[in-house]
Amino acid sequence: MSTTTGPQHAGLSPETTVVSAGRPERTADSAVNPPIVLTSTFLGTRATREGDRVYGRYSNPTWDPFEEALGTLENSELPALVYSSGLAAVIAAMSLLPTGGTLVMPRHTYQGSLVLAAGEAQNGRINIRTVDIANTEEVVAALDGAGMLWIESPTNPMLEVADIRALADAAHAAGALVVADNTFSTPLVTRPLDLGADVVVHSVTKYLSGHSDVVLGAAVTSDPELRAQLLTYRSLHGAVGGPFEVWLALRGLRTLALRVERSMATAMELALRLQDHPGVEAVRYPGLPGDPGHLRAAEQMDGFGSIVCIEVAGGADAADAVTEKVGIWLPATSLGGVESLIERRRRQPAEPVSVPENLLRLSVGIENVEDLWRDLDEALPR
Ligand SMILES: *Cc1c(COP(=O)(O)O)cnc(C)c1O
């Protein structure tokens with residue numbers, strides 16, 4: 001490896017790691033940033049050995065610094081694995097469940113993960129049991145005979161908070177692997193491996209890259225055997241990240257701590273004000289003392305994330321009207337970028353019907369809080 005993360009970064013705070021991990025070696029006149037290496041193949045004449053790069057579907061030097069940084073942030077001894085999208089990482093993780101196995105997953109998982117798992121079930125490869133992931137007793141009861149527990153916390157878009165440690169313990173007792181989608185939290189806010197998860201997956205598209213300019217994913221594990229399986233899946237299924245995209249993701253990661261700090265503070269302030277807005281029937285945000293997930297989130301997370309969901313008075317049409325009236329908030333799907341986004345989730349046909357029709361998901365960016373508030377306040381019904 002040509003980068004210097006490794007043990008040097010153990011024990012550093014995440015705000016430092018996001019900046020200093022994955023830098024090139026300190027030699028005179030070397031660049032401070034790793035280069036983008038554009039190549040599909042690597043020179044070699046003899047029989048290949050482990051660690052040889054060989055070919056661009058197996059390995060690229062541009063991936064290494066990002067993978068080292070993300071592995072360190074998730075408190076893994078091993079580098080992360082970058083994939084061409086979050087969903088590519090999701091299907092790689094799901095492939096760890098053997099054919100015929102049972103997957104227990106949250107009813108309100110990211111819709112792409114739900115649709116993907118449903119397809120696998122329809123093809124007869126796996127069985128699915130969906131649960132309320134915030135209801136630990138219900139999940140534990142569903143784990144009987146299961147091979148994998150899928151956790152998302154907070155869930156997209158209902159923001160339910162799972163008791164990750166209790167669920168991971170119960171899953172392991174039942175002989176199930178535990179995968180946590182940590183996209184909403186980022187490793188700065190929740191570290192599922194520390195709480196017992198076996199694998200963490202990310203949509204790097206969101207907070208980690210942070211500028212809504214790349215589509216990428218990642219998986220992280222501390223288990224060398226699981227990592228080898230995830231790597232083989234990536235190499236053979238071909239869901240590899242382009243070097244330029246991965247380089248952009250590392251560039252975005254450098255400011256992750258600042259972005260998350262600012263957007264979480266703004267999310268908290270907006271959630272408090274939205275509670276008192278006459279055009280808002282309900283606010284979901286784990287940071288609110290009255291939120292069902294608040295105590296658990298306060299215990300398990302370093303902060304409450306930057307996604308706030310509101311239910312708009314007047315139903316789906318009134319909610320759509322808000323997304324048409326706002327001028328700073330951008331009406332678009334996705335989340336985790338510097339710019340604030342707003343979306344009525346049920347406009348997407350695949351969204352579970354248990355998500356209210358009038359629910360707007362707000363991905364809070366890093367703009368000025370008063371500007372964001374005024375824009376929203378003026379667009380909401382009253
Ligand atoms: C966006 C998202 C994904 C999928 O990631 P892509 O990069 O869009 O493929 C998975 N999980 C969650 C929680 C997401 O928000």
Side-chain angles (χ1 to χ4, degrees), residues 66 70 74 80-95 103 105-120 130 133-134 150-162 164 179-190 192 197 199-220 230 233-234 237-242 245-246 248-249 252-253 256 260 263 267 284 286 301 305-309 332-337 339-343 345 347-348 350-352 355 359 361-365:
F66 179 78
L70 182 56
E74 289 287 4
L81 291 162
V82 69
Y83 290 81
S84 56
S85 68
L87 221 48
V90 165
I91 191 64
M94 282 182 186
S95 80
L103 173 64
M105 72 189 306
R107 192 170 52 189
H108 295 128
T109 316
Y110 170 69
Q111 53 152 304
S113 308
L114 273 178
V115 172
L116 189 61
E120 292 283 281
T130 55
I133 202 73
W150 197 268
I151 295 177
E152 210 178 277
S153 184
T155 60
N156 182 6
M158 299 295 269
L159 303 179
E160 296 133 330
V161 180
I164 299 178
V179 181
D181 185 333
N182 203 26
T183 301
F184 266 42
S185 269
T186 84
L188 300 189
V189 176
T190 310
V199 178
V200 165
V201 294
H202 278 285
S203 172
V204 175
T205 312
K206 315 290 170 55
Y207 292 100
L208 297 181
S209 65
H211 296 72
S212 305
D213 51 10
V214 297
V215 174
L216 281 177
V220 196
L230 290 164
Y233 193 94
R234 181 179 73 179
H237 289 250
V240 294
E245 283 73 13
V246 180
L248 276 177
L253 192 73
L256 178 68
V260 165
S263 62
R284 292 165 194 271
M301 300 164 71
S306 336
I307 305 289
V308 179
C309 291
T333 196
S334 199
L335 55 110
E339 67 294 313
S340 296
L341 299 180
I342 187 166
E343 184 186 31
R345 284 302 289 172
R347 83 189 178 102
Q348 308 241 20
E351 195 70 6
V355 173
L359 180 141
R361 187 180 69 190
L362 312 180
S363 170
V364 178

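The figures that follow rest on heavy atoms only: side chains count, while hydrogens, waters and symmetry mates do not. Being a predicted model, the structure only gives us computed values, none of them experimental. Just follow the structure's listing: the first ligand is 1, and inside any ligand the first atom is 1.
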Heavy-atom distance under 4.5 Å between the side chains of [X] and [Y], does that happen here?
X	Y	result
H108	L114	no
H202	D181	no
I307	F184	yes

Subset of ligand 1 atoms that lie under 4.0 Å from at least one heavy atom of [X]:
X	result
L216	7 (O)
L87	4 (C), 5 (O), 6 (P), 9 (O)
G86	5 (O), 6 (P), 7 (O), 9 (O)

So, for C309 and P157, which heavy atoms are closest and what is the spacing to 0.1 Å?
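C309 and P157 have their closest heavy atoms at SG-O, 3.0 Å.
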Heavy-atom pair of closest approach, residues S113 and L87:
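Closest approach of S113 to L87, heavy atoms only: N-CD1, 3.8 Å.
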Just to verify, what does Q111 make a side chain to side chain contact (heavy atoms under 4.5 Å, CB included) with, not counting sequence neighbours?
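By the side chain to side chain contact (heavy atoms under 4.5 Å, CB included) rule, Q111 matches R345, Q348, A350, E351.
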Quick test: of every protein heavy atom, which one is nearest to [atom], and how far off is it to 0.1 Å?
atom	result
atom 4 (C) of ligand 1	Y110 CE2, 3.4 Å
atom 7 (O) of ligand 1	T205 OG1, 2.6 Å
atom 14 (C) of ligand 1	K206 NZ, 3.0 Å
atom 11 (N) of ligand 1	D181 OD2, 2.6 Å

Geometric N/O contact S203 with ligand 1, under 3.5 angstrom:
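Yes - when backbone and side-chain N and O of S203 are compared with those of ligand 1, one distance drops under 3.5 Å.
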